[in-house]
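Just below is one structure, and these are the notes that go with it.
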There are 2 protein chains.
Amino acid sequence: MPRTVDHAERRARIAEALVRVAAQEGLHAVTMRAVAAESGVSLRLVQYYFDTKEQLLLGALRHLEQQSRQRWAARVAELPSPVPPRAFVEAFLTEALPTDEQSRTFHLVGTSYAVLAMTDPSLTAEPFIANVDDLQRQLADALRQAQADGQVAAGVDVSVEAARLVTLSHGLGTSVLIGQYDVDGAMTVLRYHLDTLFRR
Amino acid sequence: MPRTVDHAERRARIAEALVRVAAQEGLHAVTMRAVAAESGVSLRLVQYYFDTKEQLLLGALRHLEQQSRQRWAARVAELPSPVPPRAFVEAFLTEALPTDEQSRTFHLVGTSYAVLAMTDPSLTAEPFIANVDDLQRQLADALRQAQADGQVAAGVDVSVEAARLVTLSHGLGTSVLIGQYDVDGAMTVLRYHLDTLFRR
DNA sequence: GCGTATCTGATACGGCGGTACCATTAAGTG
DNA sequence: CACTTAATGGTACCGCCGTATCAGATACGC
């Protein structure tokens with residue numbers, strides 16, 4: 001059996017090509033031929049590694065999620081060992097904004113998939129929700145910690161606050177993508193929000 | 001010239017059919033034939049009233065915006081004559097959530113267009129931004145009024161607060177669309193946010 | 001070495017989507 | 001009543017897309 005290249009790596013290559021196409025020309029422009037051309041392989045190869053287009057889309061989505069999670073994990077790993085709650089929250093907020101090209105791609109393609117999932121039943125929204133819920137839990141934990149440290153007022157509802165943080169950062173991310181705000185403008189709003197949360 | 005039906009009304013009919021298709025099957029499923037079938041006219045007619053597909057999409061978008069603005073204006077008109085600022089803000093927030101079918105359609109199709117505008121240069125994001133900016137200004141005005149009435153603390157930055165309101169409600173709207181929250185859950189977050197804003 | 005299973009290439013097929021073309025009807029004008 | 005112009009119907013054309021098919025190559029077990 002001529003396993004010249006690693007199967008998984010090839011799939012990853014193709015998935016990334018799809019993401020690149022989707023980021024530049026939109027998810028509607030993602031065609032098997034376009035992905036093949038972008039990844040430098042033949043149409044047949046794309047067919048071989050992902051049997052159908054639906055599989056291709058799902059595979060690329062999973063790849064994107066995994067990459068995004070890895071990036072977030074790396075970001076968290078950079079924080080000091082007893083993680084300072086406010087720094088953690090700030091890291092999340094800046095990470096949630098499309099600052100660099102990769103982040104912009106994550107947001108744009110992720111949003112495209114989310115919109116697709118609103119009408120297409122073959123694309124379950126469940127993974128999105130699970131991902132967001134996980135982040136929200138992490139934020140709530142950090143806020144609880146901050147509350148114990150006295151940096152956040154005792155009365156606040158940490159889970160609702162976490163929901164506000166996630167929703168706000170996500171909304172600002174889309175606004176930046178649309179061009180309503182630049183990154184600085186969005187950061188201003190986020191810092192303002194943080195100031196109302198901490199040290200009250 | 002057999003002007004049997006009103007030109008503008010026919011265009012509106014077709015535009016609404018497009019919105020219906022987009023809301024049910026996604027913007028990618030919008031095809032001239034599908035719109036023709038949904039509006040009960042022939043393909044040729046769609047071609048006649050909107051020369052090209054791009055024109056059709058643009059026309060439907062304009063129609064959607066106008067309808068949305070009308071709905072908001074009607075909602076505002078229902079308020080007592082010296083508009084109570086908090087009621088105004090609350091009206092905005094509940095209106096921003098996809099509570100009924102029409103509102104859901106507005107959100108879903110609007111978001112689809114916004115995502116499309118991220119990659120397609122023929123669809124300028126400018127109208128979106130202008131619309132949002134306008135709402136944001138209205139909210140800022142209401143907040144300023146509330147500040148004068150003493151319902152809102154003097155120190156707060158009304159324009160940033162307005163930005164937070166818009167972003168938060170929009171983000172919650174999409175979350176409801178995705179299925180992460182139901183309308184009640186989203187309303188809980190909004191009320192929480194309102195309570196931190198007013199009567200501080 | 002040879003067969004067999006894995007992998008890759010080229011190409012064909014059916015369908016659908018946007019657009020174009022041609023004809024026909026209906027209303028207004030002289 | 002002719003005649004022009006707006007409005008409408010039917011349908012054909014061409015391209016692209018997803019998928020299927022057929023053939024060839026490459027490496028490994030025996």
Side-chain angles (χ1 to χ4, degrees), chain A residues 1-61 109 112-113 116 119-123, chain B residues 1-61 109 112-113 116 119-123:
Chain A
M1 322 119 169
R3 176 75 59 94
T4 48
V5 296
D6 187 22
H7 223 117
E9 187 190 316
R10 197 75 97 121
R11 285 174 62 93
R13 284 286 183 113
I14 296 177
E16 280 160 27
L18 185 152
V19 171
R20 240 174 293 138
V21 173
Q24 281 165 9
E25 312 186 38
L27 202 53
H28 62 274
V30 166
T31 161
M32 308 211 92
R33 284 170 174 84
V35 173
E38 176 71 28
S39 56
V41 303
S42 70
L43 168 62
R44 181 64 182 81
L45 264 276
V46 180
Q47 266 190 283
Y48 182 74
Y49 286 105
F50 304 86
D51 241 31
T52 171
K53 188 185 182 181
E54 187 179 329
Q55 294 297 320
L56 174 62
L57 284 171
L58 286 173
L61 178 56
V109 181
S112 300
Y113 269 104
L116 195 59
T119 53
D120 193 335
S122 76
L123 223 67
Chain B
M1 324 120 169
R3 176 74 59 95
T4 48
V5 296
D6 187 20
H7 224 117
E9 186 190 317
R10 195 74 96 121
R11 286 174 59 93
R13 283 286 182 115
I14 296 177
E16 279 161 26
L18 185 151
V19 171
R20 241 173 292 137
V21 172
Q24 280 165 10
E25 313 187 36
L27 202 53
H28 62 273
V30 166
T31 162
M32 308 211 91
R33 284 171 174 85
V35 173
E38 176 70 29
S39 56
V41 302
S42 71
L43 169 61
R44 181 64 182 82
L45 265 274
V46 180
Q47 267 189 282
Y48 183 75
Y49 287 104
F50 304 86
D51 242 31
T52 171
K53 188 184 181 180
E54 187 179 329
Q55 294 297 320
L56 174 61
L57 284 171
L58 286 173
L61 178 56
V109 182
S112 299
Y113 269 105
L116 195 60
T119 54
D120 193 335
S122 76
L123 222 67

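So that the names make sense, note that chain A is the first sequence line, chain B the second, and so on, each numbered from 1.
- When distances run from any side-chain atom of Tyr48(A) to the nucleotides dA7(D), dC17(D), dT6(C), the shortest one goes to dT6(C).
- Closest contact between the side chain of Gln47(B) and the listed nucleotides dA6(D), dG17(C), dA20(C) involves dA20(C).
- Distance Glu54(B) CD to dG18(C) P: 13 Å, rounded to the nearest Å.
- In this structure, CG of Leu45(B) is placed 15 Å from C1' of dA23(C), rounded to the nearest angstrom.
- Separating the CD atom of Gln55(A) from the P atom of dT19(D) is a distance of 10 Å, rounded to the nearest angstrom.
- For dC16(D), neither phosphate oxygen OP1 nor OP2 lies less than 4.0 angstrom from any side-chain nitrogen or oxygen of Thr31(A).
- Taking each heavy atom of Ala22(B) and Val109(B) in turn, the nearest pair found is CB-CG2, 4.0 Å.
- A close approach under 4.0 Å does not occur between any side-chain nitrogen or oxygen of His7(B) and OP1 or OP2 of dA6(D).
- The side chain of Arg10(A) sits closest to dT8(C) out of dT8(D), dC7(C), dT8(C).
- Between Ile14(B) and Leu56(B) there is a side-chain heavy-atom pair separated by less than 4.5 Å.
- Between Leu43(B) atom CG and dC21(C) atom P there is a gap of 15 Å when expressed in whole angstrom units.
- The side chain of Ser42(A) contributes no N or O atom lying less than 4.0 Å from OP1 or OP2 of dT8(C).
- Here the closest non-hydrogen pair linking Met32(A) and Phe50(A) is CE-O, 4.4 Å.
- For Arg44(A), taking side-chain heavy atoms from C-beta onward, the closest of the listed nucleotides dA10(C), dG9(D), dG18(C) is dA10(C).
- If you take CZ of Phe50(A) and P of dT19(D), they are 14 Å apart, rounded to a whole angstrom.
- Nearest heavy-atom pair, Leu123(B) versus Leu58(B), reported as atom, atom and distance to 0.1 Å: CD1-CD2, 3.4 Å.
- Atom pair Asp51(B):CG and dA7(D):C1' shows a separation of 14 Å (rounding to whole Å applied).
- Listed candidates were dG17(C), dA6(D), dG9(D). Nearest to the side chain of Arg33(B) is dG17(C).
- Residues Thr119(A) and His28(B) have side chains in contact (heavy-atom distance under 4.5 Å, counting atoms from C-beta outward).
- Checking dG18(D), dG9(C), dT19(C) against every side-chain atom of Met32(B), the shortest atom distance belongs to dT19(C).
- For the pair Lys53(A) NZ and dC16(D) C1', the computed distance is 11 Å after rounding to whole Å.
- A close approach under 4.0 Å does occur between a side-chain nitrogen or oxygen of Thr52(A) and OP1 or OP2 of dT19(D).
- At least one side-chain nitrogen or oxygen of Tyr49(B) sits closer than 4.0 Å to the OP1 or OP2 atom of dT8(D).
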